A.B. asks: 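Following this message is one structure expressed as structure tokens.
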Amino acid sequence: MRTTELFAPTLREVPAEAEVISHQLLLRAGFIRRDAAGIYTYLPLAIRVLKKISQIIREEMDRQGGQELLMPIIQPAELWQESGRWDVYGPELFRLRDRHDREFALGPTHEEIITALVRGEVNSYKQLPLLLYQIQNKYRDERRPRFGLLRGREFIMKDLYSFDRDNEGLQVSYMKMHEAYTRVFRRCGLRFRPVEADSGAIGGSDTHEFMVLADSGEASVLFCENGECEYAANVEKAAPACATADSGEDQKPLGEVLTPGSHTVEEVAEFLRMPPHKIIKTLLYETEKEVVAALVRGDRDVNEIKLSNALTCLRLKLAGPDTVRDVTGAMVGFAGPVNLKGVKIVADPEVAAMVNAVCGANMDDTHLTNVNPVRDFTTDIVCDIRMVRAGEPCPRCGGALLEAKGIEVGQIFKLGDKYSKVLGAFFRDESGQSRPVIMGCYGIGVTRTMAAAIEQNNDKDGIIWPAAIAPYHAVVVPVSTKDESQMAMAEDVYGRLVGAGIEAMFDDRPERAGVKFKDADLIGYPLRITIGTKAITNNQVEIRVRRTGEVMIIPVDELDKYVMELLGRL
RNA sequence: CGGGAUGUAGCGCAGUUUGGCUAGCGCGCUUGCCUUGGGAGCAAGAGGCCGGGGGUUCAAAUCCCUCCAUCCCGACCA
């Protein structure tokens, strides 16, 4: 391909709309253009990258026995009504009507369609297991599309659905996908981590997210410092190491103390000259069903996802001052579990283990001292409801946990019989009994992966593509287009590369060298082959590695060998 | 969905407070000369329904009303 023919309009300045680096560089380097909020046109360079990512995904899905198919974007409302998600999905579902006023949705995901397909075609255990996947546009009417391709309303996603006879089969499929995902992201040249994640209200099954590590990531992950130990989890899911040991302290008699104006744990700790971990933090939450009190140690934060799982509630929000006053009789900052009536009390195990603690007295400007669980108050639920932080011990091996930011590029999820039951996908087992198909779903955001790769691989000059997903492997740059011998040699070099199966771009524009160098860096070709005066006199060309800036002078005859070798390491 | 901001040439912006515009600037674009190892220089050009609609006024990019779009913060996120 020649640059004079390439449709890749590059920009010198950063469009004002772009906040994150991947969005800025995709626009500046001529990969994408915006059509509406969260909706983009992919220009030729982007398509090449997306095809490469997709191809890697295909190969790895196929390796595990996956079969590709293609399902519609436009899906009938009836299926969504059957599964119940027509209502549950809410405004995030793009909806439309045809000329006969029949309702449809633009698919945000394809569980309904694939399950409907399978229920019609799969009747026997002999037809299982099945791994079916597609790479398709998906639609989610995000409340706030942002960050360019990282959170769009239209995006490309690979989704695979597994169908098994039972949970053992599902576990096999799940592990196949775990393996496939690891291979996909490794082949894409990305630094990533599979992490344990929260499965939400869907059911207590396993789920892992695949995170590309990048400081700009929206999600926080914790992982063990110990390289041998593979523990890694989303902060929402991360489990604490086993509860703290008994301090051996003797229980002292309950006391009451005035703490005027001390609303926060820090204020109380300072006022009473006590460490925050001796204080019980009592937070009142409202769910759709009730008001609950969540107890954690003063130096901890409540993990609302764990709390809502413990309560099996749909909505959870911190109670306002009026509710707090109604329930405790005191203003915010003085709530405590002792003599707290009419609310469910959920305590973290650390709280249950506290001795002679301090907590609010449910009276303005008053706290209780030497509070002891069981003796002084009862709890309805004791379970892990706190955030785990970096520096705490790993729950598996005791090593310290480290924190990193990540971009979720893939998720694997055990669905079980959730969709097969409601949509009626049953099969007959050996004994002739009818059983629901056991499903799993496994997604990879293809467009998001492209953006995440840039978030992780860039510098002040532009993108640095890993070779496996670069739009082209190398760009050939003659320094002076007017110099006929340089141009002739550049043509020759370009021809050799293409002949050797290397994807090369020939920058044949009559621009000054600086302009071509800048564009080469911006677009992020892994290798740049420069043809200058030295090339003519010595029959040597220069290879520059985009990532390191390393420059090599190579005899023309050995060029393709060197390029192949370099690409193998990039 | 709450809060905030912004819409002026392909991109980045000034002009709006205090109405007087025949709407500017930089980059990019076109043509010519010149230049060619990190976004050169000179010269001449092209390019605008100042987001849309409605009003006030002798006069509106500028004031008022109203839509729309985009971005940021928050909430939300199979």
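These figures come from a predicted structure and were not determined experimentally. Note on naming: letters A, B, ... go to the chains in the order of the sequence lines (proteins, then strands), and numbering restarts at 1 for each one.
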A.B. asks: Please produce a list of atom pairs where a protein N or O lies less than 3.5 Å from an N or O of nucleotides 11-13 of chain B.
C.D. replies:
unit_1  : atom_1 : unit_2   : atom_2 : d
rC11(B) : O2     : Glu13(A) : OE1    : 3.3
rG12(B) : OP1    : Ala16(A) : N      : 2.7

A.B. asks: Check the interface with nucleotides 29-32 of chain B: list each N/O to N/O pair with the protein under 3.5 Å, or write none.
C.D. replies:
none

A.B. asks: Report the distance from atom CZ of Arg28(A) to atom P of rG28(B), rounded to the nearest whole Å.
C.D. replies: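 Those two atoms, CZ and P, are 13 Å apart.
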A.B. asks: Under 4.0 angstrom, heavy atoms only, what part of the nucleic acid is Arg33(A) near: base, sugar-phosphate, or nothing?
C.D. replies: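 It contacts nothing in the nucleic acid.
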A.B. asks: Have a look at Arg528(A) and say if it touches a base, only the backbone sugar-phosphate, or nothing, with a 4.0 Å heavy-atom cut-off.
C.D. replies: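 Answer is base: heavy atoms of Arg528(A) come under 4.0 Å of a base.
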A.B. asks: Let's test this: given Watson-Crick or G-U wobble pairing with both distances under 3.5 Å, identify the partner of rA59(B).
C.D. replies: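 The answer is none; no pair meets the criterion.
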A.B. asks: What does Asp483(A) touch in the nucleic acid at a heavy-atom separation under 4.0 angstrom: a base, only the sugar-phosphate, or nothing?
C.D. replies: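 The residue Asp483(A) makes no contact with any strand.
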A.B. asks: Indicate, with a heavy-atom threshold strictly under 4.0 Å, whether Leu522(A) touches base, sugar-phosphate, or nothing.
C.D. replies: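 Base contact - Leu522(A) has a heavy atom under 4.0 Å of at least one base atom.
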A.B. asks: Could you list all N or O pairs between the protein and nucleotides 73-77 of chain B that sit under 3.5 Å apart?
C.D. replies:
unit_1  : atom_1 : unit_2    : atom_2 : d
rC73(B) : OP2    : Arg144(A) : NH1    : 3.2
rC73(B) : OP2    : Arg144(A) : NH2    : 2.5
rC76(B) : N4     : Arg146(A) : NH2    : 3.4
rC77(B) : O2     : Arg151(A) : NH1    : 2.7
rC77(B) : O2     : Arg151(A) : NH2    : 3.3

A.B. asks: Contact class for Lys516(A) vs. all strands (heavy atom < 4.0 Å): base, sugar-phosphate, or nothing?
C.D. replies: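 Answer is nothing: Lys516(A) stays at 4.0 Å or more from every strand.
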A.B. asks: Would you say a side-chain N or O of Arg512(A) is under 4.0 Å from OP1 or OP2 of rU35(B)?
C.D. replies: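 Negative; the distance criterion is not met.
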A.B. asks: What is the separation between atom CG on Leu27(A) and atom C1' on rU70(B), rounded to the nearest whole Å?
C.D. replies: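 To the nearest whole Å, that distance equals 13 Å.
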